[in-house]
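Order of appearance sets the numbers: ligands from 1, and atoms from 1 within every ligand. Quick note: numbers below take in every heavy atom, side chains included, and nothing from hydrogens, waters or symmetry partners. Numbers for residues simply follow the sequence, beginning at 1. Source: prediction; values computed, not measured.
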Amino acid sequence: MKAWSEHLVPLKVGNLADGGELYQFVRIGKGCLSYMAVSNGEAALFDPTRMTEVYLEFARSINAEIRHVLDTHLHADHISGGRMMAEQTGAAYWLPPKDAAEVVFEYKPLQDGEKVRIGSTTISIEALYSPGHTIGSTSFVIDDQYLLTGDILFIDSIGRPDLAGLAEDWVGDLRETLYARYAELSDDLTVLPSHFMIMDELNEDGTVAKKLGDLYRDNHGLNMSDEAEFRTMVTKNLPPQPNSYQEIRQTNMGKMLPDTDKQREMEIGPNRCAVR
Ligand SMILES: [Fe+2]
């Protein structure tokens, strides 16, 4: 069970300009997804798990150096490998400042509109402030082709807003992000979320990815015209909160340093970041 929960499968999602590539790392046992964008020997890593060796080895295998590590939000369902990755590689570690108020280590604040570049100057990674799951939740538009949605929008569901106990406060932000901010983006962007919950969300090649336009057509959470109904759905009848989510948040803030066995134990169980 332990080995299964920690197993990551790297899959190529597609190409970026000038020979760059985008990879999705599927943590099948827990439903977590992380990403590596690569261009001319430089890589950016998004929402890495604590299994940092997998990313290091993969980067080595494609002759890339990890220059940037970015978390879409302060995670409550799994322990982020972001800080450790940055320490091991010398990469910059970016976090949304609104989620990082209690973080006790150095990080680079990820502001709306911030552009991070890797390798060839044509690959741009643009931060898009998209609160709702957490107050700092940030998405990324990569190479004008891909939209990394973090835990705001999944293939078959949407993000839950209550993992810091603030569902009532954040529901308006979630609505604004899904029904206004994302709605202004191109339907052709490929949505790449940070989780999946059911096997139906996987494509035939094993990737988890779908066009934004398809999600506006098929995803129930994007098709609730009645705002009151939407509010009820995302604040009432929520699934139980993930195992040890408060301790996981503390760990991701750097306030707790559990050993590996304890980290494993904290991550037992499904991710439970979605509502549908
Ligand atoms: Fe999350």
Note: Arg217 and Asn223 closest approach over all heavy atoms is O-ND2, 3.7 Å
Is the NZ atom of Lys211 crowded by more than 12 outside heavy atoms at less than 6.0 Å?
-> yes
Could you go through residues 74-86 and list every donor-acceptor pair under 3.5 Å that involves a side-chain atom there, pairing it with any protein atom two or more places apart or in another chain?
from: His75; atom 1: ND1; to: His73; atom 2: NE2; distance (Å): 3.4
from: His75; atom 1: NE2; to: Asp47; atom 2: OD1; distance (Å): 3.0
from: His75; atom 1: NE2; to: Asp71; atom 2: OD1; distance (Å): 3.4
from: Asp77; atom 1: OD1; to: His195; atom 2: NE2; distance (Å): 3.4
from: Asp77; atom 1: OD2; to: His195; atom 2: NE2; distance (Å): 3.2
from: Ser80; atom 1: OG; to: Asp71; atom 2: OD2; distance (Å): 2.7
from: Ser80; atom 1: OG; to: Gly82; atom 2: N; distance (Å): 2.9

side-chain hydrogen bond (donor to acceptor under 3.5 Å, both in side chains) partners of Glu176, counting only residues at least two apart = none
Residues which pass salt bridge (charged side-chain N to carboxylate O under 4.0 Å, His left out) with Arg231, listed by chain and number, not counting sequence neighbours | none
Excluding waters, which protein N, O or S atoms are within less than 2.8 Å of the Fe ion (ligand 1)?
-> His73 NE2, His133 NE2, Asp151 OD2
Step through the shown structure and confirm whether more than 12 heavy atoms of other residues, nucleotides or ligands are within 6.0 Å of CD on Glu65.
-> no
